Amino acid sequence: MHLSEQEIIRREHLEELRSMGIDPYPAEAFVVNALASDIKAQFNDDAPEQFETVAIAGRMMVVREKGKVTFAELQDSSGRIQLYISRSDIADGENFEMYDVVLKRLLDFGDYIGIKGFVFRTRMGEITVHVKELKLLSKSLRPLPMVKTRVNEATGETEVYDAFTDPEQRYRMRYVDLTVNPQVKAAFITRSRIISAMRSFFDAKGWLEVETPILQPIHGGAAARPFETHHNTLDMKLYMRIANELYLKRLIAGGFDGVYEIGKMFRNEGMDRTHNPEFTAMEIYVAYKDYYWMMEMVEQCLEHIARAINQDNPVLNFGEHEINYAGPYRRLSMYDSIKEYTGVDISEMDETQLRDLCKQLHIDIDNTMGRGKLIDEIFGAKVEKNLIQPTYIIDYPIEMSPLAKKHRSKAGLVERFELFVSGKEIANAYSELNDPIDQRERFEDQLQLAARGDHEAMAMDEDFLRSLEYGMPPTSGLGIGIDRLTMFMTNNHTIQEVLFFPQMRAEH
RNA sequence: GAUCUCGUAGCUCAGCUGGCUAGAGCACUUGACUUUUAAUCAGGGGGUCCUGGGUUCGAGUCCCAGCGGGAUCACCA
């Protein structure tokens, strides 16, 4: 094992501490009674006795030695607070070893320490803990990146020096990234609060959070290539789920009014800034509802989430845009949206006319594409990127949506919407197809597509059809990509920034 | 999977048309300093220049291959 000079020095410090009788990894708990951020927020110069005996713990991140007194910064889960340590305060009588040897030489930047002391304000105005006791809680054997910040007095902005920025290292060693980059940590905290706000919104409606199989004998509910695996006892091929839609609908058929699941989906496909092989989806199904009802529910839910993470303000920044999550959102049919951005009315066009239009618009197509796919290509090329504020695109061609109910009044379309924000899809919903005979025909159409070589076509799921034959109430269902939603709501532009551990190649 | 691009100290980076012992700041280390805050001051140490070949008197630098990252594209309703 190759060690750098600094790693060797830290291991020597560790041994020296042991030889002094100081356990670098003590077992007993260190009882904490305050957080750095709370002390800073609540300290009152007129009532300093409130923080007469604080006990805090965290990493020692910056050390400024100044003779017989040392200033350090302690970083706990909430942030940083300055420590003031004087030689005589932590001495054992006339024995100054704790200061001269342990603090000045053997403790390193990044070590976990616990301290007890009282809070005061230095003459430079910084709220600081005056240390009376100091204990090593865990030794750090590798030097963290030394990220320094300074407030520019002219602009008032915080400037960062020697930032830890290399994406490869940040993603491979997320623990380091989280330790030294507070803005990274903040995004993950927001992610957790987004999910929590969504869950509490659904729970308040009385809908039930459920879990359905990740290992599935038939991969259904979406069009994507699955990961395959094998169960030894059953000697059976299984797939990691690409979607959970068909299982959740079985539960609606079983009599629940509303069920939802937040969980990982797995798709064996390419990776880029908006795709990771495993990602988190929320799917919800509510009985006796249609897609119009669902649009209102989504507006309320997203506004609730945005307010929950942004001081009750539904307007969030994303790049150069301010996105307003307060409803109602604009509703635009697929055909009208294409008319709006191309000037062409395609509602009466057949496949041949659509092909001509694609050529005219310089959109790449191939011969396998049917009418629905051609419309989707036009939409993707000409419309999608313009949908900045939350916008519902509604009423899709039937060929693209084998699980959605036929439109109640528009032939050839289904009752489906997708929600777009900042030019990207973040939600997809239907009035669910509950007619088992229609559903069987749709599956059969998919089988024909598969026979023609479409590897994205859905497989026949006889057990799902059986559940519809027993009867499923009219239902509306919705899926939301949690990772993408988090990207938009935390102003991050790659999925890697909202996944703790994005997929990467093996390191060696 | 394709194309472009990057890989130098713990971190952030410089290193010219190939040419002295590969550099800087921070970090580390030794010393000074009892209210500092990118602390300061004086000294010192630290390198698989991603890996493997090749060209050359000489390669961090040029060429080839590989590994890893990023970007764009393809794929992903």
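Quick caveat: nothing in here was measured; it's all calculated off a predicted structure. Chain identifiers are assigned alphabetically (A, B, ...) following the order of the sequence lines, protein sequences preceding nucleic acid strands; residue numbering begins at 1 within each chain.
- Among the atoms of the strands shown, none is found under 4.0 Å from any heavy atom of A:R225.
- Using a 4.0 Å heavy-atom cutoff across all strands shown, A:V147 reaches no nucleic acid atom at all.
- Across the P atoms, B:U37 and B:G46 are found 31 Å apart, a figure rounded to whole Å.
- When heavy atoms are screened at a 4.0 angstrom cut-off, A:R172 is found touching the sugar-phosphate backbone but no base atom.
- Looking at the side chain of A:F71, the nearest of the listed nucleotides B:U37, B:C26, B:U35 is B:U35.
- Residue contacts shown for A:S88 are absent, as no nucleic acid heavy atom lies under 4.0 Å away.
- When the C1' atom is used for both B:G19 and B:C62, the distance is 14 Å, rounded to whole Å.
- Remark: the separation of the C1' atoms in B:G45 and B:C4 is 41 Å, to the nearest Å.
- Nucleic acid contact for A:N428: none, since no nucleic acid atom lies under 4.0 Å from a heavy atom of the residue.
- Here B:U36 is the nucleotide among B:G46, B:C11, B:U36 with the atom lying nearest to any side-chain atom of A:E126.
- Distance from the side chain of A:T122 is smallest for B:U35 among the nucleotides B:U12, B:C28, B:U35.
- For A:Q6, no side-chain nitrogen or oxygen approaches OP1 or OP2 of B:U29 to under 4.0 Å.
- With distances taken from any side-chain atom of A:P167 to the nucleotides B:C33, B:U36, B:G70, the minimum falls on B:G70.
- In this structure, B:U5 and B:G69 make a Watson-Crick or G-U wobble pair, each of the two defining distances being under 3.5 angstrom.
- Contacts of A:M400 with the nucleic acid, taken as non-hydrogen atoms under 4.0 Å apart, include base atoms.
- Nucleotide B:C62 forms a pair with B:G54, judged by Watson-Crick or G-U wobble geometry with both contacts under 3.5 Å.
- Candidate nucleotides B:G69, B:C33, B:U36 were compared by shortest atom distance to the side chain of A:Q82, and B:U36 ranks first.
- Taking the side chain of A:K68 as heavy atoms from C-beta on, and the options B:C11, B:U34, B:U35, the nearest nucleotide is B:U34.
- Residue A:Y171 is the one, among A:Y171 and A:M458, whose nearest nucleotide of RNA chain B lies closer to the 5' end (criterion: closest heavy atom).
- A:F120 comes within 4.0 angstrom of a nucleotide base, judged by non-hydrogen atoms across all strands.
- Comparing B:C50 with B:U61, their C1' atoms are spaced 15 Å from each other, to the whole Å.
- The residue A:E425 sits apart from the nucleic acid: no heavy atom pair falls under 4.0 Å.
- B:A32 and B:A59 are spaced 46 Å apart, taking the P atom of each and rounding to whole Å.
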Mind running side-chain contact (heavy atoms from CB on, under 4.5 Å) on A:E269 and A:R225 for me, showing each step along the way?
CA-CA 7 Å; A:E269 285 160 353; A:R225 291 164 61 189; 4.0 Å; yes
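- To the nearest whole angstrom, the two C1' atoms, one in B:G15 and one in B:U3, are 29 Å apart.
- Within the 4.0 angstrom heavy-atom criterion, base atoms lie near A:R64.
- Put simply, the side chain of A:E168 and the base of B:G68 share no donor and acceptor less than 3.5 Å apart.
- In this structure, the side chain to side chain contact (heavy atoms under 4.5 Å, CB included) partners of A:N434, at least two apart in sequence or on a different chain, are A:K405, A:M472, A:P474.
- For the C1' atom pair drawn from B:A22 and B:U48, the interatomic distance equals 14 Å after rounding to whole Å.
- Residues passing the ring-ring contact (aromatic ring centres under 6.0 Å, His included) test with A:Y335: none are found, sequence neighbours excluded.
- If you check every strand for non-hydrogen atoms under 4.0 Å, A:H130 touches nothing.
- Of the C1' atoms belonging to B:U51 and B:C6, the separation is 16 Å, rounded to the nearest Å.
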